[in-house]
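Contents: one structure, followed by commentary.
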Amino acid sequence: PLGDVVETIGPQGFGPLLLGLAALLVLPFGMIPGVGGAIGLIMAVIGIQIMRGRRGVWLPGFIRRRCMPARHLRRACSFLRPRMQWLSHRLRPRATPLAEGSVSLRIIALLLILLGLSMTVLGAIPILPPLMGIPVLFFALGLTTRDGAAVALGYLLLLPAIYVATTM
């Protein structure tokens, strides 16, 4: 069950979960009407959990009990493994207050809430899900690897998303 996976990941679960959600937004899948809004709601819930200081991801029971066929998980892992190895050579713990500090975590949480809720309304605009997903992708990478440089890049990459969202 998915709950077992979440428990195994433990307190670091926010980063990998956000990474998966952001990847869905950045890929063409995120441009399907309704998908961006649904992912946005999940991102907002994750932001609320981070803001409340929760250690590890909470999932409702009906999601925790969901199962994924092992072959799908193996296929996803074999697809991701070379990409993660490439990333692991570039991401490392640095400027860790941006990736672990309480102020930065609260800012990221607030941004996740704001981006997530805005996705419920603006997610139907085809260009916005990827634009909002890219900064979240870098936040997730930074949180997962404790790389503050990745988090800083996520903050910087928010600017185009904010510009496009405010000019629509």
Side-chain angles (χ1 to χ4, degrees), residues 2-27 30 36-60 63-64 76-77 80-120 122-123 127-167:
L2 189 56
D4 292 344
V5 174
V6 169
E7 286 177 25
T8 301
I9 294 172
Q12 289 78 27
F14 293 118
L17 182 56
L18 283 172
L19 189 60
L21 293 172
L24 290 174
L25 287 175
V26 172
L27 296 171
I39 293 172
L41 283 176
I42 296 169
M43 283 178 14
V45 169
I46 292 170
I48 291 168
Q49 291 182 37
I50 293 172
M51 186 71 79
R52 294 184 66 209
R54 182 156 176 83
R55 303 212 23 97
V57 178
W58 172 85
L59 296 173
I63 294 176
R64 291 182 69 78
C77 287
L80 290 173
R81 185 168 288 116
R83 288 147 185 88
M84 292 295 112
Q85 288 173 339
W86 182 86
L87 275 174
S88 71
H89 294 303
R90 285 149 183 82
L91 299 172
R92 61 188 178 280
R94 57 184 162 188
T96 55
L98 283 175
E100 297 178 323
S102 62
V103 172
S104 186
L105 286 176
R106 291 197 184 278
I107 292 170
I108 290 170
L110 181 62
L111 290 170
L112 288 172
I113 294 166
L114 294 173
L115 286 172
L117 293 177
S118 68
M119 288 285 290
T120 61
L122 301 173
I127 191 148
L128 280 178
L131 274 178
M132 292 180 168
I134 290 171
V136 175
L137 185 72
F138 281 93
F139 292 150
L141 288 169
L143 292 175
T144 303
T145 61
R146 298 178 24 231
D147 191 342
V151 171
L153 187 56
Y155 286 134
L156 183 65
L157 292 171
L158 268 174
L159 298 175
I162 292 169
Y163 174 76
V164 170
T166 58
T167 58

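This structure is a prediction, so every number in the text was calculated from the model and none was measured.
Not counting sequence neighbours, the partners of Arg83 by the side-chain contact (heavy atoms from CB on, under 4.5 Å) test are Phe79. Every residue two or more places apart in sequence or in another chain that forms a side-chain contact (heavy atoms from CB on, under 4.5 Å) with Ala22 is listed here: Val136, Leu137. Partners of Arg94 by salt bridge (charged side-chain N to carboxylate O under 4.0 Å, His left out), not counting sequence neighbours, listed by chain and number: Asp147. Considering only residues two or more places apart in sequence or on other chains, Ala44 meets the side-chain contact (heavy atoms from CB on, under 4.5 Å) condition with Leu117. Remark: Ser104 pairs with Tyr155 by the side chain to side chain donor-acceptor pair (under 3.5 Å) rule, at least two apart or across chains. A search for side-chain contact (heavy atoms from CB on, under 4.5 Å) contacts involving Pro97 returns nothing, not counting sequence neighbours.
Judged by distance alone, with hydrogens and angles left aside, the side-chain atoms of Thr144 form no donor-acceptor pair with the main-chain N or O of Leu141 at under 3.5 Å.
Heavy atoms of other residues, nucleotides or ligands lying less than 6.0 angstrom from CG of Leu110 number more than 12.
In terms of heavy atoms, Ala99 sits closest to Gly142 at CB-O, 3.5 Å. The two atoms that bring Ala95 and Ala149 nearest to each other are CB-N, 4.3 Å, heavy atoms only. Contact record, Leu91 with Ala150: CD2-CB, 4.1 Å, taken as the closest heavy-atom pair.
Each of Leu114, Leu25, Ile113, Leu111 was evaluated against Met43; a single residue qualifies, Leu25, per the side-chain contact (heavy atoms from CB on, under 4.5 Å) test.
One distance of note links CG of Leu19 with CZ of Phe14; it measures 15.0 Å at 0.5 Å rounding. Note that the CG atom of Leu131 and the CD1 atom of Ile162 stand 11.0 Å from one another [nearest 0.5 Å]. Note that CG of Leu158 is 10.0 Å distant from CG of Leu153, once rounded to the nearest 0.5 Å.
Pairs of residues two or more places apart, or lying in two chains, never qualify as salt bridge (Lys or Arg N to Asp or Glu O under 4.0 Å) while including a residue from residues 36-46. Pairs passing the salt bridge (Lys or Arg N to Asp or Glu O under 4.0 Å) check and including a residue from residues 104-120, sequence neighbours excluded, do not occur.
Glu100 has its side chain out of reach of Pro93: every pair of non-hydrogen atoms, C-beta onward, lies at least 4.5 Å apart. With a 4.5 Å cut-off on side-chain heavy atoms, Met119 and Ile39 do not count as touching. Residues Leu112 and Leu18 are in side-chain contact: their nearest non-hydrogen atoms beyond the backbone lie under 4.5 Å apart. By the 4.5 Å heavy-atom criterion applied to side chains, Phe139 and Leu98 are not counted as neighbours.
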Using residues 45-53 as the side-chain source, report each donor-acceptor pair under 3.5 Å to any protein atom, sequence neighbours left out, with the distance given to one decimal.
from	atom 1	to	atom 2	distance (Å)
Gln49	OE1	Trp58	N	2.8
Gln49	NE2	Trp58	O	3.1

